[in-house]
Structures are given as structure tokens and as C-alpha cells.
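Reading through the C-alpha cells given below for one structure.
Atoms within a ligand are numbered from 1 in the order they appear, just like the ligands themselves.
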Amino acid sequence: MSLLEVKNLRTAYHSKGKAFYAVDDVSFEVGEHETVGLVGESGCGKSTLGKTIMRLVDPAEGQILLKGQDIARAPETRLRPMRKSVQMVFQDPFASLNPRLTIWSMLETPLKVHGVKDPAERKRVISEIAETIGFSPSVLNRYPHEFSGGQRQRIGIARALILHPDLVVCDEPVSALDLSIQAQILNLLVDLKREFGLAFLFISHDLSVVRYFSDRVLVMYLGKIVEAAEQKTLWQTPRHPYTRALLASVPSTDPGKKITQKISGEIGKPGGPGCAFRSRCPLAVERCATDTPALRKMPDGASVACHLA
Ligand code: ADP
Ligand code: MG
């Protein structure tokens with residue numbers, strides 16, 4: 001049984017009186033201790049997928065199986081144990097930290113909520129996690145504004161880890177940080193993954209960051225997964241024309257380096273028949289406008305949604 005299994009997930013938003021699926025029939029799994037990267041251009045639905053898994057946004061259709069239990073429609077009362085085992089780290093560490101709370105109380109609250117009654121035990125756990133993220137206990141009585149962006153993201157990470165989750169959803173955890181700080185935070189996450197045996201869903205628009213971090217990678221385009229493969233396979237044998245275009249726009253393997261070359265053409269509209277990428281695809285044929293390509297398994301285990309693959 002996988003730690004997380006998402007099946008045919010759809011999430012709808014309403015825009016200008018019309019509904020559209022920001023996440024459209026998405027299926028994938030995350031195994032124990034596995035890091036799955038989720039990559040795609042801004043606006044393709046990565047954050048919506050992450051938030052839907054966290055049940056911060058409700059799905060319209062599909063299943064979200066956490067250790068075999070479907071939480072897609074579970075009421076809030078049944079979500080509490082799940083909230084302990086799945087945690088999220090957000091892009092903007094400043095916006096995601098309550099400015100009126102000291103770091104200490106921010107870390108203590110989840111422990112209280114989840115029944116750690118002994119204050120001495122809470123103190124022990126908080127000191128331990130502070131050390132893990134490289135903070136001395138003496139700074140914990142400070143407020144978020146007293147820290148730099150990188151330090152605030154360390155706090156966001158500590159808050160996500162304090163209940164020892166099984167899965168951490170990281171949504172662009174380094175995108176808001178300076179390049180020099182990005183590598184530090186990524187290294188910290190790699191260390192924590194080893195130390196805590198965590199599984200990650202690691203979201204980024206930046207393929208070089210995802211590459212650095214992931215065992216397996218999902219490529220998303222307009223709400224759909226268009227390619228899923230082992231990290232190495234994706235690099236050696238990218239199959240979807242969109243994946244190839246993304247790879248071509250990554251200038252180097254250094255994490256955090258900026259994409260220099262943009263993919264040309266309009267991103268297109270969600271919904272309708274055919275392949276959503278066809279308007280930008282150099283290989284598109286007639287069939288791409290009429291048949292929606294399904295995600296097909298390749299002999300090496302990769303999956304790709306392209307008629308021509
Ligand atoms: P990403 O994280 O990949 O940049 P998002 O999940 O944030 O993408 O957004 C996916 C799509 O859904 C975009 O078209 C975005 O404009 C739209 N969207 C995101 N949040 C909302 C919302 N709360 N209401 C309506 N539309 C939204
Ligand atoms: Mg996003």
C-alpha cells in the first residue's frame with residue numbers, strides 16, 4: 001500500500017461565472033520515504049493539487065487515499081489524524097507565519113492540539129526541532145519579523161516537522177528566497193529527509209530544483225499530468241514535447257539557477273477535446289486536436305500522455 005494514492009482527482013474553481021478544473025483527472029502515488037517532484041509552469045495547477053491533498057481546498061471528484069483511507073470527502077473531525085501525518089511547507093514563509101506569535105508558541109500550538117500534555121515533553125520536542133533547523137533555543141522567543149527569509153523558511157519547516165509527519169508537501173519552498181539561500185534550504189531538506197525518513201511531494205516550477213531533490217517526477221500541464229518518470233529516466237529520455245521544452249529551458253544543473261529561455265506560444269485553455277499542449281507543440285498533428293491523449297505506460301515504467309510518444 002502506498003503512503004499516498006491519488007486517483008482521478010479533479011478540483012474546480014469558478015472564474016467569471018464559469019467553472020474550470022485547475023486539477024483535471026490526476027492520478028499518482030507517493031511511496032513511504034519517496035520524494036516525488038511536481039513540475040510545470042506557473043498557473044498549471046501545482047498549488048491547487050497540493051492544497052487539495054491537504055484538504056485546504058475540496059476536490060470535485062476522485063480519491064485521496066492516505067495509507068489506504070480515502071480522505072477526499074472526510075469531514076473535518078475525521079481529518080485530524082491526517083493533519084498530523086501530512087504537513088505543508090509554503091512558498092512564502094512570511095505570509096505563512098502568524099506575525100503575532102513567537103516562534104516558540106508557533107511550534108508549541110500543534111503539540112498542544114495533538115495531545116502532548118506534558119510541558120516538559122513539549123519543551124524537549126521544541127528544543128530538538130530547533131536544533132535540527134540550526135536554531136539555538138534562545139531565539140525561540142522572537143517574532144517572525146526578526147528573522148531573515150531563509151530563517152523564516154527554516155521555521156516553516158520546523159513547524160511542518162514537529163509532529164513527525166509521514167508526508168510533507170513542499171510548495172515552491174525556495175522560490176521566494178535569494179539564490180544563495182535556496183541551496184542552504186534545499187540541503188537542509190535533503191538532510192531532514194534522511195534523518196526523519198520523510199516522504200515528499202516537492203512542487204516547483206523550476207526543473208533544476210526538482211531534479212536535485214526527487215526520486216520520481218510528475219510533469220503537469222494545464223491541470224493534467226503529461227509525463228511521470230523516474231528522475232534519471234526523465235532526464236535521459238524525456239518523451240513529452242512539453243517535458244523536452246522544459247528541459248531545454250533549464251540552463252544548468254545548479255539548483256536555483258534561473259530559467260533563461262521561455263517556451264514560446266500561448267499556454268492555452270483548460271478543457272475541450274484534444275491535447276492541451278498542441279497550440280505550442282512543434283510536433284502536433286491533426287489527431288492532437290480531436291483525441292485527448294491518455295497517460296500511457298512505457299516499457300521502462302515511465303508514463304506519457306502524447307499520441308506521438
Ligand atoms: P500553480 O501553483 O501551478 O502556479 P495554481 O494551482 O496556483 O497553479 O493555479 C491553477 C489555476 O487555477 C490558475 O489558472 C489560477 O489562476 C487558478 N486559481 C488558483 N486559485 C484560484 C482560486 N482561489 N479561484 C479561482 N481560480 C484560481
Ligand atoms: Mg503555485
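By the 30° and 60° cut-offs, the orientation of the rings of His164 relative to Phe196 is tilted.
Using modelled atom types, one finds a donor on one side chain and an acceptor on the other under 3.5 Å when comparing Glu41 with Tyr242. Remark: the Ser148 side chain and the Gln151 side chain contain an N/O donor-acceptor pair separated by less than 3.5 Å.
Summary of contacts: the protein heavy atom closest to atom 27 (C) of ligand 1 is Tyr13 CD1, 3.3 Å. When hydrogens are left out, the protein atom nearest atom 5 (P) of ligand 1 is Thr48 OG1, 3.6 Å; that is the closest non-hydrogen contact. The nearest protein atom to atom 7 (O) of ligand 1, hydrogens excluded, is given as Ser47 CB, 3.8 Å; this is a heavy-atom distance. The shortest contact between atom 10 (C) of ligand 1 and any protein heavy atom is with Gly43 O, 3.4 Å. Lys46 NZ, 2.8 Å is the protein heavy atom nearest to atom 3 (O) of ligand 1.
Within the 4.0 Å cut-off (strictly below), no protein heavy atom is located near atom 16 (O) of ligand 1.
Listed by atom number, the atoms of ligand 1 under 4.0 Å from Ser42 heavy atoms are 4 (O).
At a threshold of 4.0 Å, the pair Asp215-Lys232 does not count as salt-bridged, since none of the basic side-chain nitrogens sits closer than that to a carboxylate oxygen. For the pair Glu34 and Lys193, the salt-bridge criterion is not met [side-chain N within less than 4.0 Å of a carboxylate O].
Cys170 contributes atom SG, which lies 8.5 Å from atom CG of Leu201 (distance to the nearest 0.5 angstrom). In this structure, OG1 on Thr48 lies 15.0 Å from CZ on Arg10, to the nearest 0.5 angstrom.
The part of Phe20 lying near ligand 1 is the side chain, judged by heavy-atom distances below 4.0 Å. Of the heavy atoms in Ala22, only side-chain atoms (C-beta onward) come closer than 4.0 Å to ligand 1.
The Mg ion (ligand 2) has an N, O or S atom of Ser47 closer than 2.8 Å.
Gly45 counts as a contact of ligand 1, since one of its heavy atoms falls under 4.0 Å from the ligand.
For the pair Arg152 and Phe147, the cation does not sit on the ring face, since its NZ or CZ is not both under 6.0 Å from the ring centre and inside 45° of the axis.
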